[in-house]
Amino acid sequence: MIRLLLADDEDLLRGALGTLLGLEPDLRVVGEAADGLAAVRVALRVRPDLAVLDLEMPPGDGLQAATDIRIRLGIPVVLVTRHARPAVLRRALAAGVRGFVPKTTPATRLAEIIRTVHAGRRYVDPEIAASALTEDDCPLTARELEILRIARSGVPITEIAAAVHLAPGTVRNYLSAAMAKLGAATRHAAAHHAWEQGWI
């Protein structure tokens with residue numbers, strides 16, 4: 001029996017996935033969580049054999065939760081995501097994630113992938129792996145990325161400026177440049193786009 005932790009901020013999806021995986025004779029969901037911090041807490045409490053985590057679970061993300069769970073429990077992690085960007089894949093693999101699949105994966109296929117990963121192998125969705133070979137280069141400068149990384153948390157410009165030791169007007173200029181390069185209407189949209197691409 002493979003004991004699973006499921007974490008996804010969308011209750012309906014998490015519940016449906018838990019029900020479908022529970023129909024498999026060798027899988028049992030022993031814990032659920034709605035965000036990354038809760039996923040770590042539940043994992044430490046129930047001690048699953050494997051964790052299936054959504055990549056994007058505000059306020060944090062599944063990649064940080066995956067890293068914490070691996071360090072503290074040493075169990076394999078499968079990341080499930082809507083935003084299957086190649087750079088995110090590379091970060092996930094560097095963090096020791098053993099499986100990386102899109103949310104469009106059928107539950108029966110996910111069950112097979114869970115068994116594969118639990119057996120000590122790695123699984124990466126073939127389309128994500130292929131796109132990793134043809135990914136576009138990031139058009140943003142290191143400073144723009146640094147500012148967008150902070151902006152993603154939703155803090156005001158004055159706090160961003162203090163964190164990077166620049167004047168607020170200079171921060172606005174960097175944000176405007178990044179927004180123009182990405183075709184984003186707001187700094188939050190630009191930051192989210194950069195995160196989806198795996199640049200921050």
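- With Arg143 contributing its side chain and Tyr174 its backbone, the two residues share no donor-acceptor pair below 3.5 Å.
- For the side-chain contact (heavy atoms from CB on, under 4.5 Å) criterion with Val101, the lone passing option out of Val52, Thr81, Val124, Val80 is Val80.
- At distances below 3.5 Å, not a single donor-acceptor pair connects side-chain atoms of Arg149 with backbone N or O atoms of Trp195.
- Between the Glu144 side chain and the Thr141 main chain, a donor and an acceptor come within less than 3.5 Å of each other.
- Within a 6.0 Å sphere centred on CZ of Arg122, heavy atoms belonging to other residues, nucleotides or ligands number more than 12.
- Here the CD1 atom belonging to Ile147 is positioned 12.0 Å from the CZ atom belonging to Arg172, to the nearest 0.5 angstrom.
- With a 6.0 Å radius and a threshold of 12 heavy atoms from other residues, nucleotides or ligands, Arg28 has its CZ atom at or below the threshold.
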Item to complete: In sequence, state the C-alpha distance, the side-chain angles, and the governing distance for Asp8 and Lys103, and then conclude on salt bridge (Lys or Arg N to Asp or Glu O under 4.0 Å).
Response: CA-CA 11 Å; Asp8 192 308; Lys103 276 195 172 178; 2.9 Å; yes
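- No continuous path of hydrophobic side-chain contacts links Leu20 to Val117 [ILVMFWY only; heavy atoms under 4.5 Å].
- Atom CG in Leu21 sits 7.0 Å away from atom CD in Glu24 (nearest 0.5 Å).
- Between Val97 and the choices Leu79, Leu55, Thr67, the side-chain contact (heavy atoms from CB on, under 4.5 Å) rule is met once, by Leu79.
- Looking at Arg70, its side chain does come within 3.5 Å of a backbone N or O of Ala95 through a donor-acceptor pair.
- For the atom pair CD1 of Ile69 and CG of Leu5, the computed distance is 5.5 Å after rounding to the nearest 0.5 Å.
- Under the 3.5 Å distance criterion, the side-chain polar atoms of Asp35 are matched with a main-chain donor or acceptor of Ala38.
- In this structure, Arg187 CZ and Arg152 CZ are separated by 14.5 Å, a value rounded to the nearest 0.5 Å.
- Note that the CG atom of Leu110 and the CG atom of Leu4 stand 8.5 Å from one another [nearest 0.5 Å].
- The pair Arg109-Glu112 meets the salt-bridge criterion, with a side-chain N (NZ, NE, NH1 or NH2) lying under 4.0 Å from an Asp/Glu carboxylate O.
- The line from CG of Leu50 to CZ of Arg3 is 11.5 Å long, rounded to the nearest 0.5 Å.
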